[in-house]
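Note: hydrogens, waters and symmetry copies are ignored here, and every other heavy atom, side chains too, is used.
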Amino acid sequence: MHTIFQRTEISEPTLFNPSDTTKRIKNFPEICISTFSDKIIQKFSSLDNVKKIAELYSANGTLPVYQINYKNTLIAFYRSMVGAPACVACFEEIIAMGAKKFVLFGSCGILDDNKVKNNIIIPVSAVRDEGTSYHYITPSLEVEADALSVQILENVLTNCGYSYVKGKTWTSDAIYRETRSAIEERRQEGCLTVEMECASMLAVSKYRHIPFIQFLYGADNLSSETWEIRDLMFYGLTNAEKYMILAFECGLAMTKDSHTVG
């Protein structure tokens, strides 16, 4: 018997689907935004033009799904759960609710401080050092981001006047097992960052044919002799408006450049 990491094709069908556990919601916004920072979500969910339209359920409790009117366009947003399996489960259920385009952003560990500096990071591919992606697409060392999605993100960042860097990210399941040897190996392979979800989210977006954009912002630094926590524990709140507006703008740009992720 082969594990999921060794199979050469993805078997079908599944015993049950997201639509079996999650009801489709009438008039659910086509665009959905998500981040991992509860502080950012709380800040935006308290705005006057925001209302709760749904909930995601799990044994951990409920996650509210909100709707905002941004530039005369209704956009959904919610807080993603940390870690690939939980993040993907929420993504699957949001798609079942009716979302058709998705933007995700969050913090990452920096593996190359000289290149990243204070730039927004665009992941062009992700090393698959996690398990979830292997249930959606066949085994490979990396999964590539959709080229058009990357271009849309570049255009939005340029139009907003924000500097960025493109590169590879390392998606790992184990935050406390980022060993010195593994960090150096991934850095030598060209990885700029490390995080826990990108490879899996790219895989699901390809499997479900959902246009998907993800951008990262640097938090802690792993590229020096000692770990530098920096602003990791602020969870993005310092630049909350910057990141959310970028995500909203990406969502609007995706509706203008409608495409199928293959």
Peer 1: Show the nearest heavy-atom pair for residues Ile53 and Ile25, with the distance to one decimal.
Peer 2: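 Answer, listing the atom of Ile53 first, then Ile25: O-CD1, 4.0 Å.
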
Peer 1: Of all the heavy-atom pairs spanning Val103 and Cys250, show the shortest one and how long it is.
Peer 2: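 Distance-wise, the nearest heavy atoms are CG2-CB, 4.0 Å.
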
Peer 1: So, does Glu55 use its side chain to make a donor-acceptor pair with the main chain of Pro64 at under 3.5 Å?
Peer 2: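 Flag not set: sc Glu55 to bb Pro64 has no pair under 3.5 Å.
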
Peer 1: Check whether any side-chain heavy atom of Thr22 sits under 4.5 Å from a side-chain heavy atom of Tyr57, and report yes or no.
Peer 2: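 The answer is no, as the side chains (C-beta and beyond) never meet within the 4.5 Å cut-off.
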
Peer 1: Could you give the distance from CD (Glu142) to OG (Ser133), rounded to the nearest 0.5 Å?
Peer 2: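 OG of Ser133 is found 11.5 Å from CD of Glu142.
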
Peer 1: Quick one: do Glu30 and Lys101 make a salt bridge, cutoff under 4.0 Å?
Peer 2: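 Salt bridge: yes.
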
Peer 1: Looking only at the side chains, is there a donor atom on one of Ser19 and Arg24 sitting less than 3.5 Å from an acceptor on the other?
Peer 2: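 Looking only at side-chain atoms, Arg24 and Ser19 do not form any donor-acceptor pair under 3.5 Å.
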
Peer 1: Applying side chain to side chain contact (heavy atoms under 4.5 Å, CB included), run through Trp170 and Ile183 and close with a yes or a no.
Peer 2: CA-CA 9 Å; Trp170 167 29; Ile183 290 169; 4.0 Å; yes

Peer 1: Any side-chain heavy-atom pair from Phe105 and Ile40 closer than 4.5 angstrom?
Peer 2: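 Yes, at least one pair of side-chain atoms sits under 4.5 Å.
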
Peer 1: Could you check if a side-chain atom of Leu246 sits within less than 4.5 angstrom of a side-chain atom of Cys160, using non-hydrogen atoms only?
Peer 2: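 In contact.
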
Peer 1: Can you find a side-chain donor-acceptor pair between Thr169 and Glu195 that sits under 3.5 Å?
Peer 2: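 There is such a pair between these side chains.
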
Peer 1: Check this for me, if you would: do Glu189 and Lys168 make a salt bridge, where the nitrogen-to-carboxylate-oxygen distance has to be below 4.0 angstrom?
Peer 2: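 Lys168 and Glu189: not salt-bridged.
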
Peer 1: Taking the ring centre of each residue, are Tyr66 and Phe44 less than 6.0 Å apart?
Peer 2: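 So the answer is no for these two rings.
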
Peer 1: Calculate, to the nearest 0.5 Å, the distance between atoms CZ and OG1 belonging to Phe16 and Thr14 respectively.
Peer 2: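 That separation rounds to 7.5 Å.
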
Peer 1: Hey, does the side chain of Asp20 reach the backbone of Asn17 with a donor-acceptor pair shorter than 3.5 angstrom?
Peer 2: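 Looks like yes, one N/O pair under 3.5 Å.
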
Peer 1: Can you label the angle between the Phe212 ring and the Phe102 ring as parallel, tilted or perpendicular, going by 30° and 60°?
Peer 2: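 The rings of Phe212 and Phe102 lie parallel, inter-plane angle below 30°.
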
Peer 1: Under a 3.5 Å distance rule, please check whether Thr171 uses its side chain to pair with a backbone N or O of Glu197 as donor and acceptor.
Peer 2: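 A pair under 3.5 Å: no.
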
Peer 1: So which heavy atom on Lys100 is nearest to which on Pro211, and how close?
Peer 2: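 Closest approach of Lys100 to Pro211, heavy atoms only: O-CD, 3.3 Å.
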
Peer 1: Could you pull out the closest heavy-atom pair between Ala99 and Ile210, with the gap in Å?
Peer 2: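 For Ala99 and Ile210, the tightest heavy-atom pair comes out as O-CD1, 4.1 Å.
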
Peer 1: Keeping Arg187 on the side-chain end and Leu111 on the backbone end, is there a donor-acceptor pair under 3.5 Å?
Peer 2: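 Pair found, side chain donor or acceptor close to backbone of Leu111.
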
Peer 1: As an exercise, state the distance from CD1 of Ile75 to CD1 of Ile31, rounded to the nearest 0.5 Å.
Peer 2: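 If we round to the nearest 0.5 Å, Ile75:CD1 and Ile31:CD1 are 4.5 Å apart.
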
Peer 1: Over all heavy atoms of both residues, which pair between Ile122 and Glu154 is shortest? Give the atoms and the distance, please.
Peer 2: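 Closest heavy-atom pair between Ile122 and Glu154: CD1-CG, 3.6 Å.
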
Peer 1: Does the salt bridge (Lys or Arg N to Asp or Glu O under 4.0 Å) test come out yes or no for Glu178 and Arg186, once each step is laid out?
Peer 2: CA-CA 10 Å; Glu178 294 169 4; Arg186 294 294 178 248; over 6 Å; no

Peer 1: Spell out, as yes or no, whether a donor-acceptor pair under 3.5 Å connects the side chain of Lys206 to the backbone of Glu144.
Peer 2: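 Present.
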
Peer 1: Using only atom types and a distance under 3.5 Å, with no angle test, would you say the side chain of Tyr134 pairs donor to acceptor with the backbone of Thr3?
Peer 2: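 No, Tyr134 side chain to Thr3 backbone: no donor-acceptor pair under 3.5 Å.
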
Peer 1: Mind checking the CG-CD spacing from Asp113 to Glu228? Nearest 0.5 Å is all I need.
Peer 2: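 It comes to 7.0 Å.
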
Peer 1: Please output the side-chain donor-acceptor pairs of residues 84-96 that fall under 3.5 Å, not counting sequence neighbours, one pair per line with the distance.
Peer 2:
from: Glu92; atom 1: OE1; to: Arg208; atom 2: NE; distance (Å): 2.7
from: Glu92; atom 1: OE1; to: Arg208; atom 2: NH2; distance (Å): 3.3
from: Glu92; atom 1: OE2; to: Tyr136; atom 2: OH; distance (Å): 2.7
from: Glu92; atom 1: OE2; to: Arg208; atom 2: NE; distance (Å): 3.4
from: Glu92; atom 1: OE2; to: Arg208; atom 2: NH2; distance (Å): 3.0

Peer 1: Among side-chain atoms of Ser163 and Asn119, is any donor-acceptor pair under 3.5 angstrom?
Peer 2: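 Checked: Ser163/Asn119 side chains pair up, N/O donor to acceptor below 3.5 Å.
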
Peer 1: Within the supplied structure, the quantity of interest is the number of heavy atoms (other residues, nucleotides, ligands) at a distance under 6.0 Å from Glu225 CD; does it exceed 12?
Peer 2: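 No, CD of Glu225 has 12 or fewer neighbouring heavy atoms, counting only those of other groups under 6.0 Å.
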
Peer 1: Has Asp38 got a side-chain atom pairing as donor or acceptor with Arg79's backbone, closer than 3.5 angstrom?
Peer 2: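 Not a single qualifying donor-acceptor pair exists.
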
Peer 1: Does any non-hydrogen side-chain atom of Tyr162 lie less than 4.5 Å from one of Val156?
Peer 2: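 No; the side chains remain at least 4.5 Å from each other.
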
Peer 1: More than 12 heavy atoms of other residues, nucleotides or ligands under 6.0 Å from NZ of Lys242: yes or no?
Peer 2: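 Result for NZ/Lys242: enclosed.
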
Peer 1: Taking all non-hydrogen atoms of both residues, which atom of Leu157 and which atom of Tyr164 are closest, and how far apart?
Peer 2: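 Answer, listing the atom of Leu157 first, then Tyr164: CD1-CB, 3.6 Å.
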
Peer 1: First locate atom CD1 of Ile41, then atom NZ of Lys43, and finally report the distance between them rounded to the nearest 0.5 Å.
Peer 2: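 One gets 12.5 Å once the value is rounded to the nearest 0.5 Å.
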
Peer 1: Tell me, do Asp129 and Asp173 make a side-chain contact under 4.5 Å, heavy atoms counted?
Peer 2: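 Heavy-atom side-chain distance check fails, nothing below 4.5 Å.
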
Peer 1: Is there side-chain contact between Leu104 and Phe36, with heavy atoms separated by less than 4.5 Å?
Peer 2: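 A side-chain contact exists here, since the closest heavy-atom pair is under 4.5 Å.
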
Peer 1: Are the side chain of Asn49 and the backbone of Asn69 linked by a donor-acceptor contact shorter than 3.5 Å?
Peer 2: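 Indeed, once roles are kept as given, a pair shorter than 3.5 Å links the two residues.
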
Peer 1: To the nearest 0.5 Å, what is the distance between CG (Asn155) and CG (Leu148)?
Peer 2: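 Result: 9.0 Å between the selected atoms.
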
Peer 1: Could you tell me whether the side chain of Asp146 and the main chain of Ser149 form a donor-acceptor pair under 3.5 Å?
Peer 2: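 Answer holds: yes.
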
